[in-house]
Colleague: 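Take this structure first; my questions come after.
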Protein chains: 4
Amino acid sequence: MSDKKNKVIEIATMLFAKNGFENTSMANICLEANVSKGLVYHHFKSKESILVEIFTQVTNQMAEMGEKTTSSSKPEAQIQQLIEIIFSQLKKDKHLFQFNLNVMFQPTTRKILHEQIEQRANILFKSVKGIFDQISAERSNVLSYMFIAEIDGIALNYLSIFDDYPLEMVKEELLKKYRNLK
Amino acid sequence: MSDKKNKVIEIATMLFAKNGFENTSMANICLEANVSKGLVYHHFKSKESILVEIFTQVTNQMAEMGEKTTSSSKPEAQIQQLIEIIFSQLKKDKHLFQFNLNVMFQPTTRKILHEQIEQRANILFKSVKGIFDQISAERSNVLSYMFIAEIDGIALNYLSIFDDYPLEMVKEELLKKYRNLK
Amino acid sequence: MSDKKNKVIEIATMLFAKNGFENTSMANICLEANVSKGLVYHHFKSKESILVEIFTQVTNQMAEMGEKTTSSSKPEAQIQQLIEIIFSQLKKDKHLFQFNLNVMFQPTTRKILHEQIEQRANILFKSVKGIFDQISAERSNVLSYMFIAEIDGIALNYLSIFDDYPLEMVKEELLKKYRNLK
Amino acid sequence: MSDKKNKVIEIATMLFAKNGFENTSMANICLEANVSKGLVYHHFKSKESILVEIFTQVTNQMAEMGEKTTSSSKPEAQIQQLIEIIFSQLKKDKHLFQFNLNVMFQPTTRKILHEQIEQRANILFKSVKGIFDQISAERSNVLSYMFIAEIDGIALNYLSIFDDYPLEMVKEELLKKYRNLK
DNA sequence: CATGAATGAGCTTTCATTCAT
DNA sequence: CATGAATGAAAGCTCATTCAT
């Protein structure tokens, strides 16, 4: 893939995260990426297709991440590891996560990415359920939903609700809670 | 407040929820509400100000809702009642909640509503903390954050992630979990 | 109808005739008509709809013109009169006729105006056949087609093929030919 | 001439006929012809020059056709033969004739091809006048204009005006009309 | 309180053409 | 001969906002 195409994706990701998809114009992207409009449309069919390509890349990264945790260790350890990974990503790529929330909730972008969003949810759910299955087969479903809700809720509160969210404190509480699972 | 102004607010809320703030034009609103552009600008300074007025109305409704639960009953009962109210609202006003997530995560609208979003978070946090204070003064902070995260996470998963979310099952789990607090 | 809308139609007709539909931009029209783009799109749904409105106006004028000749006089006199009217229009509105040929042959505009083109052909054919029916019921069909072909062919040659077409000479020949019909 | 250049001309002719010159992009041509943009610009100076080359080819074909009829037979037979050739071409290459009308009436392409259009008209006129000269020297001019008008008018009506034109019937009428010329 | 004509900047997208490889 | 990345101008169209009536 050419250098300039990568540059466009990089800049577009940054601008979509910062200003939202609808408030980022192709002209903006071209200006920041130092390329012409013609070039962008040579590499991408439309503005939407840039979004799809970015979102797909992130989905693939998440899939890889999910595979790492399904190791051979005990389920409790796997959950601890999963929590660690998620919280560290959350702190590191704050803007990327905000961009993801943004496009998932905006009706227009949501429609465009519906398939990928579904796919992501399934990847995460299977990954989590795989762990809880080892603890309690009959309760693994509800436990998975609860766990994912807690993670997503914390992310949401941290990223977009509370100005000074005690992320560390909440993480410790979560780790403690999932240390002993009968 | 005039009938036509109410009509504009009602239609705007519906369209913002359905298509997003950026993808709803003033012309759309006028057409659907059967009023002229001049009239809308007579009642509202700008498109943004319609959004602010809608969001403020919802915030006030939430504040009223929060007051209801701070009754004289036992803290456990208060939490059960709070959960019941939230889940019932969630099912009833699905679109309104989606609209709220939408504007809270889109950078442009987020900036416009920053103050109200903060205010809302504080209202909810105080309301929840007021209950947990009666159970454990030293742990009330972290418990409140965890509780709010669970609620928000469930809402997010139900509204925008999983196509067929087991809302009832999750609600029962949550009620069970908060039935006995030492 | 507002003054400015009329101005737009007038200017658009002139520019379409002079440069063709595809080579006339909305910016061109706005510049010449001294109005903003927004105004044009306030009055017309699209560039196509301007074309349709112009074409429909001309069709209506033609329909009126057709009715004038169906008078009570003898068929030979009616044909002479029809020829006179057509040749006088041809000389007077040369650009308008060229514009009509242009849009009727260009694939894009042809599709847009298909219905009106058909309607026009029927109006003219009925009008001509109405005259020839009085002369020979069984040959009126073929005579009408021949007459229309001659008229259209002369117009085409005059407007777009020969640089110095002997329009008067051809008209006299045609008048002579249709003076005595058995 | 290279295979690929021929392919480009063939595809361009087809697309110009189908969609018009202005609505056919170089990218379209490249895609359909399975060649790169660079190659097309290696063979042709510009998009216009493709049009000129196509039109010139057709003009040359017409010139050859004209020469065939100027045989040693009687003038009446020559006209009958000319009519037969023209009607047979009209039916065979309907799209090619529509393309020719299209570019001759669209102002932009008209300017580009002005010279060739004039040349063509002269070729045809001389060819026809050569026949009528043998019948009546003093009336050959006006008779030629009338004959050409009839042919062009029939073509125009058949190709672009009437949806179900009785081409055979009209042809028979024309043959009958020009069978006996005093 | 109510209308809708009018503006002008900005939007996404298309396109003929060039040029390094 | 052949490719396709890259350009930049221009296209049709949208939209929040203003203002005379």
Side-chain angles (χ1 to χ4, degrees), chain A residues 1-5 7-8 21-30 33-50, chain B residues 1-5 8 21-31 33-51, chain C residues 1-5 7-8 21-30 33-50, chain D residues 2-5 8 21-31 33-50:
Chain A
M1 191 159 51
S2 83
D3 263 13
K4 298 227 178 170
K5 185 175 176 184
K7 181 81 181 169
V8 169
F21 178 73
E22 314 282 343
N23 291 298
T24 302
S25 73
M26 289 303 249
N28 280 164
I29 296 172
C30 293
N34 239 324
V35 296
S36 66
K37 286 183 191 178
L39 182 67
V40 176
Y41 278 91
H42 178 71
H43 286 299
F44 301 92
K45 214 182 110 280
S46 63
K47 192 183 162 190
E48 281 192 10
S49 81
I50 302 180
Chain B
M1 191 159 48
S2 83
D3 262 14
K4 298 225 178 170
K5 185 175 177 183
V8 169
F21 177 73
E22 313 284 340
N23 290 300
T24 302
S25 71
M26 288 302 247
N28 276 168
I29 296 172
C30 293
L31 203 73
N34 244 324
V35 295
S36 69
K37 287 186 185 177
L39 184 64
V40 174
Y41 277 90
H42 176 76
H43 286 300
F44 302 92
K45 209 182 116 277
S46 65
K47 191 182 162 190
E48 284 192 8
S49 81
I50 302 180
L51 178 66
Chain C
M1 192 159 49
S2 83
D3 263 14
K4 298 228 178 167
K5 184 174 178 183
K7 181 82 180 169
V8 169
F21 177 73
E22 313 283 341
N23 290 298
T24 302
S25 72
M26 290 303 251
N28 281 164
I29 296 172
C30 294
N34 239 325
V35 296
S36 66
K37 283 186 193 176
L39 182 66
V40 176
Y41 279 92
H42 178 71
H43 287 298
F44 301 93
K45 213 183 111 280
S46 64
K47 192 183 162 191
E48 281 192 10
S49 81
I50 302 181
Chain D
S2 84
D3 263 15
K4 297 223 179 169
K5 183 173 178 184
V8 169
F21 177 74
E22 313 285 340
N23 290 300
T24 302
S25 72
M26 289 301 250
N28 275 169
I29 296 172
C30 294
L31 201 74
N34 243 323
V35 296
S36 68
K37 287 186 184 177
L39 186 64
V40 174
Y41 277 91
H42 176 77
H43 286 300
F44 302 92
K45 210 182 116 280
S46 65
K47 191 182 161 190
E48 284 192 8
S49 81
I50 302 181

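None of the values given here were measured: they were computed from a predicted structure. So that the names make sense, note that chain A is the first sequence line, chain B the second, and so on, each numbered from 1.
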Colleague: Quick one: does A:Lys7's side chain have a donor or acceptor within less than 3.5 Å of a partner on A:Asn34's backbone?
Modeller: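 Absent.
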Colleague: Of A:Asn34 and D:Asn34, whose closest DNA chain F nucleotide lies nearer the 5' terminus?
Modeller: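 So the residue in question is D:Asn34.
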Colleague: Which heavy-atom pair separates B:Cys30 from B:Val40 by the least distance, and what is that distance?
Modeller: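 Minimum heavy-atom contact is SG-CG2, 3.8 Å.
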Colleague: Using whole Å, what does the distance between atom P of nucleotide F:dC13 and atom CD1 of C:Ile29 come to?
Modeller: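 Result: 10 Å.
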Colleague: What's the NE2-P distance between D:His42 and F:dG4, to the nearest Å?
Modeller: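 In whole Å, F:dG4 P and D:His42 NE2 are 16 Å from each other.
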Colleague: Applying side-chain contact (heavy atoms from CB on, under 4.5 Å), can you list everything that pairs with C:Tyr41, at least two apart in sequence or on another chain?
Modeller: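 For C:Tyr41, the residues satisfying side-chain contact (heavy atoms from CB on, under 4.5 Å) (neighbours in sequence not counted) are C:Met26.
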Colleague: With the sugar-phosphate defined as primed atoms, P, OP1 and OP2, and the base as all remaining atoms, what B/S/- string results for nucleotides 14-21 of chain E, 5' to 3', for protein heavy atoms under 4.0 Å?
Modeller: BBSBBB--
Colleague: Counting only side-chain heavy atoms from C-beta out, which of F:dA2, F:dT7, E:dT7 sits nearest to A:Val35?
Modeller: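 The answer is F:dT7.
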Colleague: Test of understanding: with side-chain contact (heavy atoms from CB on, under 4.5 Å), list the residues that count as partners of D:Ser25, not counting sequence neighbours.
Modeller: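 D:Ala27, D:Asn28.
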Colleague: Mind checking side-chain hydrogen bond (donor to acceptor under 3.5 Å, both in side chains) for D:Asn23 and listing every partner two or more places apart, or none if nothing turns up?
Modeller: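 C:Glu22, C:Thr108.
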Colleague: D:Ser36: what forms a side-chain contact (heavy atoms from CB on, under 4.5 Å) with it, not counting sequence neighbours?
Modeller: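 side-chain contact (heavy atoms from CB on, under 4.5 Å) check on D:Ser36 returns D:Leu39.
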Colleague: Stem ranges for DNA chain F, with three or more consecutive Watson-Crick or G-U pairs under 3.5 Å?
Modeller: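 Stems found: E:2-21 with F:2-21.
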Colleague: Can you measure from CD1 (A:Ile50) to NZ (A:Lys47) and round to the nearest 0.5 angstrom?
Modeller: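 That separation rounds to 8.5 Å.
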Colleague: C:Ile50 CD1 to F:dG12 C1': how many Å, rounded?
Modeller: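 Distance, rounded to whole Å: 11 Å.
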Colleague: Counting just side-chain N and O atoms, does A:His43 come under 4.0 Å of either OP1 or OP2 of F:dA6?
Modeller: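 Result: yes.
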Colleague: Just the rounded figure in Å: distance from P of E:dA6 to NZ of C:Lys7.
Modeller: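 After rounding, the gap between these two atoms is 14 Å.
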